[in-house]
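Letters go in sequence order (proteins before strands), and every chain restarts at 1.
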Protein chains: 2
Amino acid sequence: MGTTQLETVPEPKYWHLKTVLSEALDSEFAVGEILPNERDLAARFGVARATLRQALEQLELEGRLQRRRGVGTTVAPPRVGVAVAPARHSWPGAAGDDWQVLGCDESGSVPAAVARLLETAKGDPVHIVRRSRVTEGRPLAAELLYVPAAVIPSSAEIALLTGPARAYAVLAELGSLELEGQDRTVELGSARAEDAKQLDRLPGAPVLVVTTRYVSGGRTAAVAVSTYRADTCRLTFGESDAVELLAG
Amino acid sequence: MGTTQLETVPEPKYWHLKTVLSEALDSEFAVGEILPNERDLAARFGVARATLRQALEQLELEGRLQRRRGVGTTVAPPRVGVAVAPARHSWPGAAGDDWQVLGCDESGSVPAAVARLLETAKGDPVHIVRRSRVTEGRPLAAELLYVPAAVIPSSAEIALLTGPARAYAVLAELGSLELEGQDRTVELGSARAEDAKQLDRLPGAPVLVVTTRYVSGGRTAAVAVSTYRADTCRLTFGESDAVELLAG
DNA sequence: AAGTGGTCTAGACCACTTG
DNA sequence: AAGTGGTCTAGACCACTTT
């Protein structure tokens with residue numbers, strides 16, 4: 001039939017652009033270096049700014065670039081390896097974990113998916129501990145830890161405390177229970193407004209959502225929803241720390 | 001100072017749109033139902049199509065929608081829970097794993113990051129087994145398993161085989177070694193052209209990249225790079241299968 | 001005030017699937 | 001052939017940071 005072109009693949013411009021930029025980043029730019037601004041780059045490649053932005057978005061998603069409004073686009077450092085599953089199973093807040101307590105609410109709402117895991121009904125009181133994970137001054141993750149008041153013996157007394165003091169009390173009580181097991185899920189999400197602020201990103205930024213279920217006394221005693229910056233984090237699971245060391 | 005508006009937050013249109021659509025999906029649409037086309041939806045909400053698309057993209061990223069060119073936009077089913085870490089540590093290809101062997105190359109190139117884990121030099125021969133993970137006829141993940149020829153005793157004989165036969169031979173040899181440990185990392189990526197085809201997505205689609213390192217004889221004996229569809233998959237790690245059952 | 005990335009528009013054409 | 005989502009354009013204005 002004449003024109004049997006093998007692989008007639010009209011590659012989208014932004015895809016090709018991404019490849020070109022990616023190679024340029026490898027060979028011609030150092031980490032932290034500032035790229036030309038979007039209008040200049042677009043002109044240089046002879047495309048509309050929107051098309052150029054499509055390529056930049058992909059590269060940012062892959063952790064190659066970092067863009068900040070009012071500042072510019074810089075070459076991102078390699079992703080940070082973040083240990084998610086501690087070698088020894090332990091409660092959140094146990095000695096030596098990498099989280100910083102921010103506060104504690106009880107009025108906050110519990111997402112339906114979490115309520116299902118906790119087996120709590122709609123109005124049941126739940127302690128919500130807010131925590132944050134930071135490395136080298138840069139925020140990595142935001143967390144909400146949900147603990148049904150029913151599993152904490154002295155919930156009534158704890159309810160009198162406020163802020164961090166209350167959070168520490170909840171964690172302390174939790175630590176006194178026997179931890180029978182835990183399991184996790186990881187999925188892609190987009191940052192809610194609050195998380196985004198805490199993570200120094202815009203709302204909607206891609207995040208890795210780690211949901212950890214803590215089992216004690218034959219029931220789900222707590223659920224932690226940890227929201228990691230997908231652009232800067234590589235989650236590590238493992239028996240040894242070898243991967244983290246190698247990949248650094 | 002007059003206008004001290006508390007929280008002057010001009011919420012972007014696409015963000016508000018996303019919220020509205022999300023609630024509509026919860027209350028007015030069933031899984032699998034087809035939404036009006038983008039031009040109609042944009043007109044209905046009084047925004048440009050590009051703006052509407054920004055909202056749809058977010059919802060697709062979160063696994064709420066599924067869009068297919070030439071077909072339309074449908075309401076996506078809940079994400080599938082996919083077990084990533086088997087209860088008992090075992091080699092890939094062990095009895096009862098969920099992967100289907102596609103073939104085996106030796107000529108393929110080894111990404112720098114993988115070569116680093118394998119501690120192989122640039123020209124070293126490496127078996128590359130291609131596998132695929134499918135559930136209910138829908139592709140979940142694509143995988144490339146890298147095994148240095150040096151760790152397989154009978155690599156010379158295996159090199160005479162081709163396609164799946166060779167892949168099976170490599171897996172069999174691997175299974176005869178002692179597995180000393182394994183660890184994993186999870187990060188966000190975008191689908192390469194080949195993966196995209198295998199996953200029935202467009203190139204650049206968001207994926208969860210799971211890198212598994214298999215240790216034997218004091219060295220990294222194999223590295224598997226598994227690329228999961230981020231829109232449809234929720235990766236599960238855990239001691240028990242409880243989470244998977246609950247979340248189904 | 002100037003410069004950056006983020007949002008938004010109104011159009012056009014293309015690639016793909018389906019009747 | 002008709003209808004869908006995917007790509008691309010050339011502009012405009014806004015929010016934010018820095019000078």
Q. Does the side chain of A:Ser132 pick up a donor-acceptor pair with the side chain of A:Gln100 at under 3.5 Å?
A. no

Q) Roughly how many Å is it from CG in B:Leu202 to C1' in D:dT7, rounded to a whole number? A) 11 Å

Q) For B:Thr73 and D:dG5, is the shortest distance between a side-chain N/O and OP1 or OP2 below 4.0 Å? A) yes

**Q.** Results of side chain to side chain contact (heavy atoms under 4.5 Å, CB included) for B:Pro111 - residues two or more places apart only
**A.** B:Val114, B:Tyr146

**Q.** Residue list, side chain to side chain contact (heavy atoms under 4.5 Å, CB included) with A:Glu143, at least two apart or on another chain
**A.** A:Trp99, A:Arg131, A:Leu145, A:Ala224, A:Ser226

Q: Write down the distance between CZ (A:Arg69) and P (D:dC16), rounded to a whole number of angstrom.
A: 5 Å

Q) What pairs of residues pass the salt bridge (Lys or Arg N to Asp or Glu O under 4.0 Å) test when at least one of them lies in residues 25-34 of chain B, not counting sequence neighbours? A) B:Asp26-B:Arg64

(Q) I want to check one thing: is the phosphate of D:dT7, taken as OP1 and OP2, less than 4.0 Å away from some side-chain N or O of A:Tyr14? (A) yes

Q | Pair listing, salt bridge (Lys or Arg N to Asp or Glu O under 4.0 Å) test, anchored in residues 35-44 of chain A, at least two apart | A | A:Glu38-A:Arg49, A:Glu38-A:Arg53, A:Glu38-A:Arg67

(Q) Run the side chain to side chain contact (heavy atoms under 4.5 Å, CB included) test against B:Thr162 and tell me which residues pass, sequence neighbours left out. (A) none

(Q) Can you list everything that forms a side-chain hydrogen bond (donor to acceptor under 3.5 Å, both in side chains) with A:Gln66? Sequence neighbours excluded, please. (A) none

**Q.** Results of side chain to side chain contact (heavy atoms under 4.5 Å, CB included) for B:Val80 - residues two or more places apart only
**A.** B:Val82

Q.
Reading DNA chain D from 5' onward, which residue's closest nucleotide shows up sooner: A:Trp15 or A:Gly70?
A. A:Trp15

Q: Give a yes or no on whether a donor-acceptor pair under 3.5 Å exists between the nucleobase atoms of C:dG6, that is its base, and the side chain of A:Arg49.
A: yes

Q | Between D:dC16 (P) and A:Arg201 (CZ): distance, integer Å | A | 15 Å

(Q) Stem list for DNA chain D, please, built from Watson-Crick and G-U wobble pairs under 3.5 Å and keeping only runs of at least 3. (A) C:1-18 with D:1-18

(Q) Taking side-chain hydrogen bond (donor to acceptor under 3.5 Å, both in side chains) as the definition, give me every residue that meets it alongside A:Glu106, ordered by chain and number, with sequence neighbours left out. (A) A:Arg166

Q) When you measure from every atom of DNA chain D, which of residues 50-68 of chain A have a heavy atom less than 4.0 Å away? A) A:Ala50, A:Thr51, A:Gln54

**Q.** Value in whole Å for how far the P atom of D:dG5 lies from CG of B:Asp231
**A.** 16 Å

Q. How long is the line joining CD of A:Glu11 and P of D:dC8, in whole Å?
A. 10 Å

Q: Hey, could you give me the CG/CG distance between A:Asp231 and A:Leu61, rounded to the nearest 0.5 Å?
A: 8.5 Å

Q: Using heavy atoms and a sub-4.0 Å distance, could you list which residues of residues 28-43 of chain A are near DNA chain D? By number, please.
A: A:Arg39

(Q) Among residues at least two apart in sequence or on other chains, which ones pass side-chain hydrogen bond (donor to acceptor under 3.5 Å, both in side chains) with B:Arg192? (A) B:Glu194, B:Asp195

Q: Could you tell me the separation between the NZ atom of A:Lys13 and the C1' atom of C:dC13, rounded to a whole number of Å?
A: 12 Å

